[in-house]
**Q** 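One structure follows; several queries about it will come next.
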Number of protein chains: 2
Amino acid sequence: MEKLVIEFIKHIRQYSTLSNEAENAIVALARNETLAKGTILSKEGKTCKHLYFLKSGTVRTYFYQDGKDITHWIYPKNNMVTSWHSYLSQTPSKDYIETTEISEVISLTYTQWQELYTTFPELERFGRLLIEEQMALIDDFYKGYYFLSAKEKYQLLIKAIPNITQIANLGHIASMLGISQETLSRARK
Amino acid sequence: MEKLVIEFIKHIRQYSTLSNEAENAIVALARNETLAKGTILSKEGKTCKHLYFLKSGTVRTYFYQDGKDITHWIYPKNNMVTSWHSYLSQTPSKDYIETTEISEVISLTYTQWQELYTTFPELERFGRLLIEEQMALIDDFYKGYYFLSAKEKYQLLIKAIPNITQIANLGHIASMLGISQETLSRARK
DNA sequence: TGTTATTTTTGACTTATGTCAAAATCTACT
DNA sequence: AGTAGATTTTGACATAAGTCAAAAATAACA
């Protein structure tokens with residue numbers, strides 16, 4: 001089990017150089033979990049308190065709009081996952097986060113991170129670079145998005161998450177792209 | 001002119017406590033400019049090197065898709081502005097940034113910020129909080145966006161930028177929302 | 001291996017929004 | 001104030017994508 005945290009440390013090291021003290025602090029605080037398929041990590045109305053590192057498995061974030069289940073994003077393994085708006089502003093979430101297959105996650109809470117940021121500047125750097133990366137991805141992905149046809153949207157997603165068809169079903173992918181399942185089915189031919 | 005930098009310092013102070021040394025460093029590096037309407041701050045193909053604080057005026061970011069001018073976002077005064085993907089990754093931009101009226105901006109370069117981050121932890125905190133705020137805004141704004149009707153999209157924008165009709169014309173707003181100008185014109189009645 | 005459940009595809013029809021073009025309104029400058 | 005330019009609105013029509021429903025394909029499981 002402890003091995004999982006080491007994977008997370010390795011991940012952080014890709015962003016910022018870690019002192020031994022910072023590493024020890026993270027190892028001491030991090031929670032390791034192996035989660036069954038369908039586990040809910042965060043739900044609507046609750047403030048998302050955790051920032052997760054998904055070591056293995058797949059996670060889907062979704063919300064309900066007019067009673068319909070809309071996929072927000074699908075996260076393959078080795079990604080940082082949370083309900084960004086809720087986590088960053090510590091206000092109630094509109095999202096659900098669920099595992100769509102058996103998954104291993106390492107997590108710390110928002111409060112723990114705030115303390116780590118103050119104590120270890122190199123972790124504050126990690127925090128900054130992490131969000132910057134997410135921001136750059138989003139800024140790029142959605143540029144001109146709504147002027148694309150259903151087919152072009154699908155192609156863009158394939159480029160962003162090549163194995164998306166292996167880790168998510170059509171309905172989830174379609175709602176993530178903002179198109180109907182039927183249209184997506186027709187588009188990919 | 002120097003007064004402008006003070007406004008920027010005030011802005012930073014809303015995010016992080018500044019030491020005198022950090023404040024002096026920013027004052028020494030910051031560039032103040034008053035820009036005529038239509039000034040291009042960054043263009044397609046070039047790497048966006050500056051992070052701007054828009055003290056007064058209005059800025060529009062846009063790009064070309066199939067030869068059409070698509071507005072990415074409109075920034076009212078007192079906002080931090082840059083071409084996020086290009087600035088954060090220091091790679092060539094797809095965006096243009098232009099003032100749509102006479103504007104005052106204070107700016108530092110990406111390189112300057114990297115040095116400031118390393119020297120002053122409180123500025124690294126500012127950098128982190130700034131990008132976190134942007135991220136939370138985007139995450140919230142676009143949630144379920146493409147399942148909204150033209151009218152609902154417009155209402156969402158009004159909520160995000162109440163004075164948008166004063167600072168941008170219909171065509172710019174429409175392309176920003178991903179709808180045609182005609183549809184927007186009909187929707188807002 | 002047969003049966004049931006789930007997911008994906010296909011078909012028929014509807015609709016919101018796009019496109020092109022012209023008219024109307026607003027804005028700015030001499 | 002009057003003219004030219006830019007912006008917004010209106011009209012007519014085309015079309016991509018939505019919806020509802022059923023069939024086909026795939027996966028799950030006894």
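What you see below is based on every heavy atom in this structure, not just the backbone, and it leaves out hydrogens, waters and symmetry mates. Letters go in sequence order (proteins before strands), and every chain restarts at 1.
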**Q** Pairs under 3.5 angstrom only: tabulate donor-acceptor contacts from the side chains of residues 122-134 of chain A to other protein residues two or more places apart or in another chain.
**A**
residue, atom, partner, partner atom, Å
Glu122(A), OE2, Ser19(A), N, 3.1
Glu122(A), OE2, Ser19(A), OG, 2.6
Glu124(A), OE1, Arg125(B), NE, 3.3
Glu124(A), OE1, Arg125(B), NH2, 3.2
Glu124(A), OE2, Arg125(B), NE, 3.1
Glu124(A), OE2, Arg128(B), NE, 2.7
Glu124(A), OE2, Arg128(B), NH2, 2.8
Arg125(A), NE, Glu124(B), OE1, 3.3
Arg125(A), NE, Glu124(B), OE2, 3.1
Arg125(A), NH2, Thr118(B), OG1, 3.1
Arg125(A), NH2, Glu124(B), OE1, 3.2
Arg128(A), NE, Glu124(B), OE2, 2.7
Arg128(A), NH1, Glu132(A), OE1, 3.4
Arg128(A), NH1, Glu132(A), OE2, 3.0
Arg128(A), NH2, Glu124(B), OE2, 2.8
Glu133(A), OE1, Tyr15(A), OH, 2.5

**Q** Taking C-beta and beyond as the side chain, do Asp95(B) and Cys48(B) meet within less than 4.5 Å on heavy atoms?
**A**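 Sidechains of Cys48(B) and Asp95(B): no contact.
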**Q** Between atom CG in Asp66(B) and atom P in dT19(C), what is the gap in whole Å?
**A**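 Nearest whole value for this atom pair: 10 Å.
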**Q** Could you verify whether a donor N or O on one side chain and an acceptor N or O on the other, from Thr47(B) and Gln90(B), lie under 3.5 Å apart?
**A**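 No.
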**Q** Does a donor on one side chain sit under 3.5 Å from an acceptor on the other, for Ser42(B) and Ser83(B)?
**A**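 No.
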**Q** So which of Thr61(A), Ile70(A), Ile161(A) actually passes side chain to side chain contact (heavy atoms under 4.5 Å, CB included) with Met176(A)?
**A**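 Answer after filtering Thr61(A), Ile70(A), Ile161(A): Ile161(A).
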**Q** All N/O contacts under 3.5 Å from nucleotides 22-29 of chain C to the protein, with atom names and distances to one decimal?
**A**
none

**Q** Any N/O pairs under 3.5 Å between the protein and nucleotides 12-19 of chain D? List them or say none.
**A**
residue, atom, partner, partner atom, Å
dA17(D), OP1, Ala150(A), N, 3.1
dG18(D), OP1, Ser180(A), N, 3.4
dG18(D), OP2, Ser180(A), N, 3.2
dG18(D), OP2, Ser180(A), OG, 3.0
dG18(D), OP2, Thr183(A), OG1, 2.5

**Q** If I take atom NE2 in residue His172(A) and atom C1' in nucleotide dT8(C), what distance separates them, rounded to the nearest angstrom?
**A**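 Atom-to-atom, His172(A) to dT8(C), this comes out as 14 Å.
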**Q** Separation of Ile70(B) atom CD1 from dG18(C) atom C1', in whole Å?
**A**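 About 13 Å, once rounded to whole Å.
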**Q** Whole angstroms only, please: what is the OH-P distance between Tyr146(A) and dT17(C)?
**A**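 Value for this atom pair: 15 Å.
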**Q** Output the rounded distance in Å from CD1 (Ile173(A)) to P (dT9(C)).
**A**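 Roughly 10 Å, once rounded to whole Å.
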**Q** Between Phe8(A) and His11(A), what is the ring plane arrangement, given parallel below 30°, perpendicular above 60°, and tilted in between?
**A**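 Phe8(A) vs His11(A) ring planes: parallel.
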**Q** Take atom CD1 of Ile167(A) and atom C1' of dT7(C), then tell me their distance rounded to the nearest Å.
**A**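 Those two atoms, CD1 and C1', are 17 Å apart.
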**Q** Quick one: do the Arg60(A) and Thr100(A) side chains pair a donor with an acceptor below 3.5 Å?
**A**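 There is no such pair (donor and acceptor under 3.5 Å, judged by atom type) between the side chains of Arg60(A) and Thr100(A).
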**Q** Evaluate the criterion side chain to side chain contact (heavy atoms under 4.5 Å, CB included) for residue pair Tyr96(B) and Glu98(B); output intermediate values, then yes/no.
**A** CA-CA 6 Å; Tyr96(B) 290 80; Glu98(B) 68 159 17; 5.9 Å; no
